[in-house]
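One structure is given below, encoded as structure tokens.
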Amino acid sequence: MSAKRIRQAGMSLVEVMVGVVIGLIGILIITQAYVSSDNFNRATLGEGGAQANGLIALYTIERDARMAGYGIANTATLGCGNLYWYYDSPSGTPVYSANVPGWSTNPSALPAIAIAPLVITTTAGQPDLISVMYSSTGETIVPTSISGFNASSSEVSVNGTQGFYENDFVVMVGASGCTLGLITQVQPGPSKLQLNPGNSAPYNPPAWGSFPTTYASGDSIVNLGNPVVRTYSVGTVASTPKLRATDAQFTAGAGQTFDLVDGIVDIKAQYGKDTGTDSVVDTWDATAPTDWLKVLAVRIAVLARVGNYEKPDASTGLCTATTALPTWTGSSGRPFALPEGLPSCYRYRVFETTVPLRNVIWSAT
């Protein structure tokens with residue numbers, strides 16, 4: 001009976017404490033393994049997300065950059081500089097372009113639009129703006145000759161109307177400047193294009209009185225079709241940096257902006273210019289070209305942020321994820337800027353490409 005009582009007495013306090021300690025050690029090991037696995041998983045997902053975001057952002061910009069200049073890359077059009085244009089807004093207040101001092105009747109109404117394949121706008125310490133322009137028409141990509149222009153009847157006589165359609169945008173190119181218009185009627189028989197004003201054609205001013213009207217025989221008219229005028233930028237929405245695109249197709253106002261890709265914190269770009277006559281890029285810079293036919297390529301870099309925040313060092317209180325600025329090929333003159341500065345608790349990935357401006361290289365000169 002004594003032996004039975006001993007066997008039924010249960011576990012001693014020492015045995016219970018040893019069991020608890022073993023259990024706590026097991027829980028600690030499992031917790032550490034879980035935390036390490038979760039951190040690894042977060043880092044992997046963050047790296048993968050930054051990789052995907054950077055590649056998508058770069059591809060999106062590159063796709064438009066490859067089309068840049070289509071339909072406008074010829075000597076006459078690329079020599080226009082800024083465009084004369086008009087817009088009769090829905091409010092009924094006609095406004096004019098403000099790009100030529102002393103000419104515009106409303107000097108702050110419409111944004112200046114340059115006839116150029118790709119324009120890089122730089123601001124110190126800020127992401128670059130990359131604006132592309134190209135025509136959507138697949139038929140008339142070489143300028144047509146003007147044989148006469150009657151401003152009072154808004155009538156342009158040309159040497160052929162093939163490839164021109166109603167509601168196509170056109171640019172008349174002459175010694176006095178380049179003027180935007182919208183085709184309201186095509187007359188194949190007499191080879192004439194009507195650019196009549198009215199509600200359906202808010203880009204054609206009445207009688208063209210405020211526009212250059214000395215377009216004569218031998219001047220050019222370029223068919224833009226339904227042109228693309230798109231600007232890529234970096235913006236922040238709800239504390240999240242994003243690649244954004246703004247389509248401003250000859251409208252009064254800022255245009256329509258779309259958020260494209262998360263995690264993009266900076267964009268940098270440079271023109272590749274041929275300073276000689278060998279059709280080879282000799283210099284890279286972001287200075288606006290004086291001769292667009294000498295711009296053979298653009299170099300574009302995108303900086304993507306890994307979304308995983310890494311805690312500062314416990315002993316120093318400083319971030320250690322990124323302690324030096326990420327670099328790209330043009331960093332010597334165009335360094336990246338991190339939103340939070342250095343050192344940073346985020347990691348970054350750089351994506352870079354060089355895009356030949358094929359429509360400029362193959363331009364009709």
Side-chain angles (χ1 to χ4, degrees), residues 49-50 52-72 82-83 85-91 93 95-99 106 108-136 167 169 180 182 202-203 224-269 286 288 298 300-305 307 334 336-340 348 351 353 355:
N53 290 343
L55 288 173
I56 292 172
L58 190 63
Y59 170 76
T60 303
I61 300 173
E62 180 183 359
R63 181 181 59 186
D64 270 345
R66 291 187 181 277
M67 285 297 297
Y70 179 78
I72 64 172
N82 288 339
L83 188 67
W85 66 295
Y86 166 95
Y87 184 74
D88 191 354
S89 65
S91 64
T93 304
V95 288
Y96 297 82
S97 58
N99 48 27
N106 195 345
S108 62
L110 296 177
I113 293 181
I115 300 293
L118 187 147
V119 176
I120 302 169
T121 304
T122 64
T123 302
Q126 299 294 324
D128 290 349
L129 304 180
I130 299 177
S131 301
V132 296
M133 176 185 283
Y134 54 88
S135 169
S136 66
N167 297 319
F169 283 94
L180 179 76
L182 185 72
Y203 302 93
L224 299 182
N226 191 25
V228 173
V229 183
R230 182 171 296 140
T231 299
Y232 289 98
S233 61
V234 171
T236 301
V237 180
S239 301
T240 301
K242 298 176 181 286
L243 175 68
R244 315 184 85 184
T246 302
D247 285 342
Q249 191 186 74
F250 305 120
T251 58
Q256 189 172 7
T257 298
F258 304 92
D259 295 330
L260 301 179
V261 185
D262 290 346
I264 306 302
V265 301
D266 206 352
I267 303 174
K268 288 290 183 282
V298 290
I300 302 169
V302 170
L303 184 63
R305 187 168 74 184
R334 312 292 325 289
F336 284 125
L338 305 186
E340 67 280 0
Y348 291 88
F351 301 86
T353 188
V355 182

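Just so it is clear, the values below take in all heavy atoms, side chains as well, and ignore hydrogens, waters and symmetry mates.
Contact check for L303 versus V234: no side-chain heavy atoms found under the 4.5 Å cut-off.
With hydrogens and angles ignored, the 3.5 Å screen pairs a side-chain donor or acceptor of S135 with a backbone N or O of L224. No donor-acceptor pair closer than 3.5 Å links the side chain of N53 to the backbone N or O of V261.
D259 meets the side chain to side chain donor-acceptor pair (under 3.5 Å) test with R244; sequence neighbours excluded.
For the atom pair CD1 (I130) and NZ (K268), the distance works out to 10.0 Å, reported to the nearest 0.5 Å. Atoms CD1 and CD1, on I56 and I61 in that order, are 12.5 Å from each other to the nearest 0.5 Å. Atom CD1 of residue I300 and atom CG of residue D128 lie 10.0 Å apart, to the nearest 0.5 angstrom. Atom CZ of residue R66 and atom OG1 of residue T353 lie 6.0 Å apart, to the nearest 0.5 angstrom. If you take CZ on R230 and CE on M67, they are separated by 10.5 Å, rounding to the nearest 0.5 Å. Note that the CG atom of L260 and the CG atom of L243 stand 5.0 Å from one another [nearest 0.5 Å].
Minimum interatomic distance between Y232 and T60 (heavy atoms only, all atoms of both residues): OH-O, 3.5 Å. The two atoms that bring A286 and R334 nearest to each other are CB-NH1, 3.5 Å, heavy atoms only. Residues A301 and F336 approach most closely at CB-CZ, 3.8 Å, considering heavy atoms. Closest heavy-atom contact between P117 and I72: N-CD1, 4.1 Å. For the residue pair Y134 and G69, the shortest heavy atom distance occurs at CB-N, 4.0 Å. V265 approaches P241 most closely through the heavy-atom pair CG1-CG, 3.6 Å.
Checking D266 against Y348 by side-chain atom types alone, no donor-acceptor pair falls below 3.5 Å.
Taking the centre of each ring, Y203 and Y86 stay at or above the 6.0 Å mark.
Crowding of F258 atom CZ: a count of heavy atoms from other residues, nucleotides or ligands under 6.0 Å exceeding 12.
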Show every donor-acceptor pair shorter than 3.5 Å between a side-chain atom in residues 118-126 and any protein atom, with sequence neighbours excluded, or say none if there are none.
none

